[in-house]
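Written out below as structure tokens is the structure these notes cover.
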Amino acid sequence: MTSETMTAPKIGATGAVEPRGAKPKKLTIARVGVYAFLVIAALFFLMPLWVMIVTSLKGLPEIRLGHLFNLPAQVTFEPWLKAWDTACTGRDCNGLKPGFFNSLKITLLSVPVSIVVAMINGYALSFWKYKGSDLLFGILIFGAFVPYQVVIYPLIIGLSKVGLFATLPGIVIVHTIFGMPILTLLFRNFFASLPPELFKAARVDGAGFWQIFFQIMLPMSVPIAIVAVILQTTGIWNDFLFGTVFAGRENMPMTVQLNNIVTTTTGVREYNVNMAATILTAAVPLAVYFISGKWFVRGIAAGAVKG
Amino acid sequence: MQHSVSIRDLSLNFGNVKVLQHLDLDIAQGEFIVLLGPSGCGKSTLLNCIAGLLDVSDGQIFIGGKNVTWEEPKDRGIGMVFQSYALYPQMTVERNLSFGLRVSGMKKDEIDKRVARAAEILQIGPLLQRKPVELSGGQRQRVAIGRALVRDVDVFLFDEPLSNLDAKLRSDLRVEIKRLHQRLKNTMIYVTHDQIEALTLADRIAVMKNGVIQQLSDPHTIYNKPVNLYVAGFIGSPQMNMFNGTLNGTNFVAEDGTSISVATYDFATPVSGSTKAIMGIRPEHIVLGEESRSMPFSADVEIEIVEPMGSDTLAWTKIAGHQVTFRCNSDVVLKPGQKVVVGFDAGRGSIFSTETTNRL
Ligand SMILES: Nc1ncnc2c1ncn2[C@@H]1O[C@H](COP(=O)(O)OP(=O)(O)OP(=O)(O)O)[C@@H](O)[C@H]1O
Ligand SMILES: [Mg+2]
């Protein structure tokens, strides 16, 4: 192997170096190769983002020249303003703004509701076992594999029967239901990884279902709850299908409006506005990842200690 | 007499697995009972049943004369200490101690008083504001004991509380638990698979095997008069030396024909005729040197292995065709291959029926 020559002991001017302390790190050819690959991969995945950013900052005449990767000759924020404020989504021309606030509403309501429900579920399923609780858990997990399309129609009927179809509570309920299997699994596995003695000690101390949940389990589940928040925030923000079907005209999320802007057939195709609108829509999940990446890894690691 | 804890005909199954079957146990007020047995014999299960953390399949449990079989753990008047400490990780030591009291809605000044008393008894006063992660193993286990202490209960349950500690701490804390028992005089039920802990702490030891109590007695009786082969083999380190053979009146004849007099042995049940039997003699009951010539049995043997243990020395040899260890003073110089004379009095040993494995 060629790398062998490079990892051989260093010979200094004064002769052989006596090994001592931390072993010096050396750059081997294999290592260079790995780094090169990583850099290329990163560039590959960053390329679309680059194109989007530069395009969104160009005027339409400059775009028509076709230099996809070039920096804008003249930077303009006009497309961004238009995408936010005045772009036409079908008949209305208010830009993405209303969609943004709709998505905000839906996400801010659905994330806590779905997480609280799943957390209590997971807690009950791992500590307060009763006859059939394992079966219930099995069914719940099976729910994760049911294709959405199968459930959508019955759900529409059900929600309209109780008058919640095409309303804000309706879409929140839908997100809670569909988030349940994976989130319950996440929390149940986390709680199952805690020592059962902790629960026993609390019972001997006289604490009940809710006291153990709020005073002991909840403070311990912060890392895994953050994972759940990230999963749910990005999942719900990016959702298109449920938003179109269940949210109703008043509550159309940003993704649906983005689609409407991009696919509008009247007039010229404003690539710069489309790009700006897309970046605006993706900004929230991106921000969530950037801010919470560290927590995410930590929480996943905490949950993955034991199955 | 009023028993502190009474267990009547207790059975517990996990599905088809029968862990405890028709178990009876009476524990006197203020008694220190140790449940001793190998891993998986049902010690923790029994303790969890007493604590009310497991629903029993059959039978009854009385604590302080009251039938608590269907009571919640908190209503049984028990405190429990676990092997893994089970401290609430997000709470300070003080809040760990007071959690149960706060949950029960006790007044603040009474809580403070009890926490202060527990902290004083266990010498954890300076640690009160720390979180469990900032404590050593020994300190954590002290806090766990304190959590049982503040609740002012009649019965303490310990589930291998010292198993996670290193040898030094273990013996320190062992003494401390003994001191605690002498001071508080509560009933204590203590699970362990460490026979030293059992022998040093217990008023009575219950030796368990497969969910059945084999023998329930004081440590001296358990050690010197084990009721069956299992107890004899489980207690004592190194193990009791065993000889297979036949019992003929006042003579035990080993398989290789060596005859050992059992005239001094106190038979539990009269034996007549000739029966297959196993004789057991503890390593420290075998005497080395010329004075052993006067013992009921003595033999010239060759030393095979010598293990100096510091306080005494273990030597390995063969008697009557069986591998035998004996204990002698560490000042005696022994070498492998050396010829010595050893002897013992069968009256200090135990004889078991080969057929039933029970003590004869
Ligand atoms: N939840 C359970 N479901 C099924 N079987 C169980 C369960 N808990 C314990 N057992 C079985 O019951 C038996 C007794 O277990 P227990 O925990 O009481 O043993 P132990 O004597 O405390 O052992 P150790 O010294 O290892 O703690 C074991 O064979 C174990 O496999
Ligand atoms: Mg156990």
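Naming convention: chains lettered A, B, ... in sequence-line order (proteins, then strands); numbering from 1 in each chain.
- A distance of 10.0 Å separates CZ in B/Arg102 from CD in A/Gln211, rounded to the nearest 0.5 Å.
- Using a 4.5 Å cut-off between heavy atoms, B/Tyr88 touches chain A through backbone and side chain atoms alike.
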Problem - side chain to side chain contact (heavy atoms under 4.5 Å, CB included) assessment of A/Val204 paired with B/Arg76 - result: CA-CA 9 Å; A/Val204 171; B/Arg76 296 190 175 206; over 6 Å; no
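- Comparing B/Ile78, B/Val103, B/Leu87 by how many heavy-atom pairs each has under 4.5 Å with chain A, the most go to B/Val103.
- Heavy atoms from other residues, nucleotides or ligands lying under 6.0 Å from CZ of A/Phe37 number 12 at most.
- When the shell of 6.0 Å around CD1 of A/Ile182 is examined, it contains 12 or fewer heavy atoms from other residues, nucleotides or ligands.
- The OH atom of B/Tyr85 lies 12.0 Å from the CD atom of A/Glu197; values are rounded to the nearest 0.5 Å.
- For chain A, no part of B/Asp159 is nearby; none of its heavy atoms comes within less than 4.5 Å.
- The candidate with the highest count of non-hydrogen atom pairs below 4.5 Å against chain B, out of A/Pro195, A/Pro196, A/Ala202, is A/Ala202.
- Side-chain N or O atoms of B/Arg147 include none that pairs as donor or acceptor with a backbone N or O of A/Asp205 at under 3.5 Å.
- Under a cut-off of 6.0 angstrom, the local environment of NZ in B/Lys18 is sparse, with at most 12 non-hydrogen atoms contributed by other residues, nucleotides or ligands.
- B/Ser104 does not touch chain A: none of its heavy atoms, backbone or side chain, sits under 4.5 Å away.
- Annotation: B/Asp166, atom CG; neighbour count of heavy atoms from other residues, nucleotides and ligands within 6.0 Å is above 12.
- In this structure, CG on B/Leu53 lies 6.0 Å from CZ on A/Arg203, to the nearest 0.5 angstrom.
- When the shell of 6.0 Å around OH of A/Tyr35 is examined, it contains 12 or fewer heavy atoms from other residues, nucleotides or ligands.
- Interatomic distance, NZ of A/Lys200 versus OG of B/Ser84, reported as 9.0 Å (0.5 Å rounding).
- Heavy-atom pairs under 4.5 Å with chain A were tallied for B/Val81, B/Asn48, B/Leu101, B/Asp75; the largest tally goes to B/Asn48.
- Other residues, nucleotides and ligands place no more than 12 heavy atoms under 6.0 Å from the CH2 atom of B/Trp70.
- Atom CZ of B/Phe99 and atom CD1 of A/Ile216 lie 3.5 Å apart (nearest 0.5 Å).
- Among all heavy-atom pairs drawn from A/Ala201 and B/Ala86, the shortest one is CB-O, 4.0 Å.
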